[in-house]
Amino acid sequence: MGDKGHFFEPTVLVDVPQQARLLNEQPFGPVAPLLRFTDLDSVIAQAISLEYGLAAFGFTKSLKTATELGNRLQAGMVSINHFGLALPETPFGGVRASGHGSGGGTEGLEAYLTTKLISQIGI
């Protein structure tokens, strides 16, 4: 019964050309393009080259590299050395063309709250 519709089996692609749609659009599917880089600046430049910024993942043994990835990647969620982003207690949301605001965590509740500032001097 699961053979109807449009499906893409989990796939890893290597040496994907820069002009490929996969690298220039926001894919939603089980596909992982693998690219080769020689330095961290090139990695970050590629990662932030598009208008999308839902999630970013980095794997490293260097605290310096992990800190730089966290600071420089432009995504609503950045995960270093794991895939555990979508938990009920954590905010879920992107930046730029991948969305504004977050759902989940305390950040997801803020949309339902009314914040009110009252400032008064003397009576």
Side-chain angles (χ1 to χ4, degrees):
M1 188 72 195
D3 60 350
K4 304 273 189 249
H6 301 283
F7 299 96
F8 199 88
E9 292 184 8
T11 304
V12 175
L13 301 171
V14 295
D15 298 323
V16 178
Q18 289 294 323
Q19 67 275 13
R21 286 180 60 192
L22 179 62
L23 296 182
N24 293 285
E25 296 178 5
Q26 188 174 22
F28 284 97
V31 60
L34 299 182
L35 306 172
R36 299 172 196 264
F37 296 94
T38 57
D39 61 274
L40 186 60
D41 286 336
S42 298
V43 171
I44 293 173
Q46 175 69 36
I48 65 175
S49 66
L50 301 179
E51 61 183 324
Y52 306 105
L54 181 57
F57 298 86
F59 294 86
T60 181
K61 292 181 180 180
S62 164
L63 179 59
K64 179 182 177 190
T65 300
T67 301
E68 195 164 350
L69 289 171
N71 290 336
R72 292 178 59 195
L73 289 171
Q74 298 172 8
M77 302 170 289
V78 177
S79 180
I80 308 293
N81 294 336
H82 69 94
F83 293 106
L85 289 181
L87 303 171
E89 64 274 14
T90 61
F92 184 93
V95 297
R96 302 184 297 166
S98 290
H100 300 283
S102 295
T106 57
E107 295 80 2
L109 295 174
E110 290 175 7
Y112 299 98
L113 302 176
T114 302
T115 302
K116 183 178 188 178
L117 169 69
I118 299 173
S119 178
Q120 181 176 329
I121 297 176
I123 301 249

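What you see below is based on every heavy atom in this structure, not just the backbone, and it leaves out hydrogens, waters and symmetry mates. Throughout, residue positions are numbered sequentially from 1 according to the sequence presented.
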*Asks:* Minimum heavy-atom separation for Leu35 and Val16, please, with both atom names.
*Replies:*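 Looks like CD2-O, 3.6 Å.
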
*Asks:* Could you tell me which non-hydrogen atom of Tyr52 sits nearest to which non-hydrogen atom of Asn24, and how far apart they are?
*Replies:*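 Smallest interatomic distance, heavy atoms only, reads CE1-O, 4.5 Å.
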
*Asks:* Quick one: ring-ring contact (aromatic ring centres under 6.0 Å, His included) partners of Phe37, sequence neighbours excluded?
*Replies:*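 Not a single residue meets the ring-ring contact (aromatic ring centres under 6.0 Å, His included) criterion with Phe37.
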
*Asks:* Supply the atom-to-atom distance Phe57 CZ to Asn81 CG, rounded to the nearest 0.5 angstrom.
*Replies:*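 Here the interatomic distance stands at 12.0 Å.
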
*Asks:* Does the side chain to side chain contact (heavy atoms under 4.5 Å, CB included) test come out yes or no for Val14 and Arg36, once each step is laid out?
*Replies:* CA-CA 9 Å; Val14 295; Arg36 299 172 196 264; 5.5 Å; no

*Asks:* Of all the heavy-atom pairs spanning Leu23 and Pro17, show the shortest one and how long it is.
*Replies:*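 Closest approach of Leu23 to Pro17: CD1-O, 3.4 Å.
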
*Asks:* Using every non-hydrogen atom in the two residues, find where Pro33 and Val31 come nearest and quote the distance to one decimal.
*Replies:*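 Distance-wise, the nearest heavy atoms are CD-O, 3.8 Å.
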
*Asks:* Evaluate Arg72 against Val78 for side chain to side chain contact (heavy atoms under 4.5 Å, CB included), listing each step before the verdict.
*Replies:* CA-CA 10 Å; Arg72 292 178 59 195; Val78 177; over 6 Å; no

*Asks:* Taking Phe59 as the starting point, is it possible to reach Leu63 by hopping between hydrophobic residues whose side chains are less than 4.5 Å apart?
*Replies:*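 No; tracing contacts between hydrophobic side chains, which count when under 4.5 Å, never links both residues.
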
*Asks:* Membership question, hydrophobic clusters at under 4.5 Å side-chain separation (ILVMFWY): are Leu50 and Leu13 in the same one?
*Replies:*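 Different clusters.
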
*Asks:* Could you state the interatomic distance from CD1 (Ile80) to CG (Leu69), rounded to the nearest 0.5 Å?
*Replies:*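 Answer rounded to 0.5 Å: 4.5 Å.
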
*Asks:* So which heavy atom on Ala75 is nearest to which on Leu54, and how close?
*Replies:*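 Of all heavy-atom pairs spanning Ala75 and Leu54, the closest is CB-O, 4.0 Å.
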
*Asks:* Are Leu40 and Ile48 connected in a single hydrophobic cluster, I mean Ile/Leu/Val/Met/Phe/Trp/Tyr linked by side-chain heavy atoms less than 4.5 Å apart?
*Replies:*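 Yes, Ile48 connects to Leu40 through the hydrophobic network.
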
